[in-house]
**Student:** 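Take a look at the following structure, please.
Numbers restart at 1 for each chain; the letters A, B, ... are given by sequence-line order, proteins then strands.
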Amino acid sequence: MLKELHITTGSRTEFVDITDKIRAVVKESGVKDGLCFVFVPHTTAAVTINESADPDVRKDILDFLNGRVPRDGSYKHIEGNSDAHIKSSALGAGLTVIVKEADLVLGTWQGIYFCEFDGSRERQVLVEVMSR
Amino acid sequence: MLKELHITTGSRTEFVDITDKIRAVVKESGVKDGLCFVFVPHTTAAVTINESADPDVRKDILDFLNGRVPRDGSYKHIEGNSDAHIKSSALGAGLTVIVKEADLVLGTWQGIYFCEFDGSRERQVLVEVMSR
Amino acid sequence: MLKELHITTGSRTEFVDITDKIRAVVKESGVKDGLCFVFVPHTTAAVTINESADPDVRKDILDFLNGRVPRDGSYKHIEGNSDAHIKSSALGAGLTVIVKEADLVLGTWQGIYFCEFDGSRERQVLVEVMSR
């Protein structure tokens, strides 16, 4: 099943926890065992898996990225968001999670994050669930 | 269907747009809905998705990588291409795109790039298309 | 088939070659053609594909990561392992390899590595093999 989710980001750079939304798509798909693929159809955003317990972890990752890939650099692209394109390729536009017993198989501390690098914006997340 | 593509790169580091080649494999596969997986069987190359409209974006990403992962560093590997191996793991050897109605599901600005980090060379790209 | 592997790491940061273990799971699965998905259910570890011939390559990648993402930085997360979380998202928690004739399709120099960034620990690796 292919599902399209809509999210609204509130800052230029931000990690939004979408674990529950992805889990709901898996339930809705009826797939018991297989793979769930999550994809952002944007070139200035990404998806990643990391700790969901302490919000300071996502802040540290975002601060690190913003520090190492500065918004104002000697870039050629004239739209002023080359840093966002670089961060998008660094983390990647898609990720896969195993599905077992109609649920995502994630570690205790893992959550799925939509990574906004050029917001705030209306964004899409595509989810495909494949049965084994 | 598993398909092997051949591409020739012309510089030591270069991003080559392979979107149309991947799209042709999807059409040829006969798969209507599912996933398309793209993989490079090389350790000094990668694949990534980013903007296909303005060629300055891929230049900015490549310049950034070349600046932050210098060719001449204090590396142990004696072949002189450790920077290429690092860049390969940073962007990744494989990526997945959703297939819908026998076509790739990509955002308006997204293209698929073969990332050469130790060319120029003859390179392979493997494409597997899985039906839902 | 979903399989759970257990590995023990011996250092804080370390790349462990798990290619043979993954290959064994593919054989055991009985899948002839399809995809093999490898996932770590941890937020301070990752998986990557890179050169398996010269062990200096993995050392160079690890040294580079440890140099650019220092353990002691101005992080908010109080557990002292924010660098490990950042490295986990940089390389990614999962990767996919094509399966052909009941074997992994890897390039001559490619191996699959479990990347430990906050060891030593007991770790898990999940492997799902999907038939085409």
**Student:** Pick one of side chain, backbone, both or neither for B:Val40, based on which atoms fall under 4.5 Å of a heavy atom in chain C.
**Tutor:**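 Answer is backbone: N, CA, C or O of B:Val40 sit under 4.5 Å from chain C.
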**Student:** Output all donor-acceptor pairs under 3.5 Å across chain C and chain B; consider backbone as well as side chains.
**Tutor:**
| residue | atom | partner | partner atom | Å |
| --- | --- | --- | --- | --- |
| C:Thr48 | OG1 | B:Ser89 | OG | 2.8 |
| C:Asn50 | OD1 | B:His85 | ND1 | 3.0 |
| C:Asn50 | ND2 | B:His85 | O | 2.9 |
| C:Asn50 | ND2 | B:Ser89 | OG | 2.9 |
| C:Glu51 | OE1 | B:His85 | NE2 | 3.4 |
| C:Asp54 | OD2 | B:His77 | ND1 | 2.6 |
| C:Asp60 | OD1 | B:Lys76 | N | 2.7 |
| C:Asp60 | OD2 | B:Lys76 | N | 3.2 |
| C:Asp60 | OD2 | B:His77 | N | 2.9 |
| C:Asp60 | OD2 | B:Ser82 | OG | 2.6 |
| C:Asp63 | OD2 | B:Lys76 | NZ | 2.5 |
| C:Arg68 | NH1 | B:Arg68 | O | 2.7 |
| C:Gln110 | NE2 | B:Val40 | O | 2.9 |
| C:Gln110 | NE2 | B:His42 | O | 3.2 |
| C:Arg132 | NE | B:Glu128 | OE2 | 2.7 |
| C:Arg132 | NH2 | B:Glu128 | OE1 | 3.2 |

**Student:** Is chain B contacted by the side chain of C:Ile98, its backbone, both, or neither, given a heavy-atom distance below 4.5 Å?
**Tutor:**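 The answer is both parts of C:Ile98.
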**Student:** Which distance, rounded to the nearest 0.5 Å, do you find between the CG of C:Leu106 and the CZ of B:Phe39?
**Tutor:**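 The CZ atom of B:Phe39 is 5.5 Å from CG of C:Leu106, to the nearest 0.5 Å.
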**Student:** Quick one: what part of B:Ala93 sits under 4.5 Å from any heavy atom of chain C, side chain, backbone, both or neither?
**Tutor:**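 For B:Ala93, side-chain heavy atoms alone lie under 4.5 Å from chain C.
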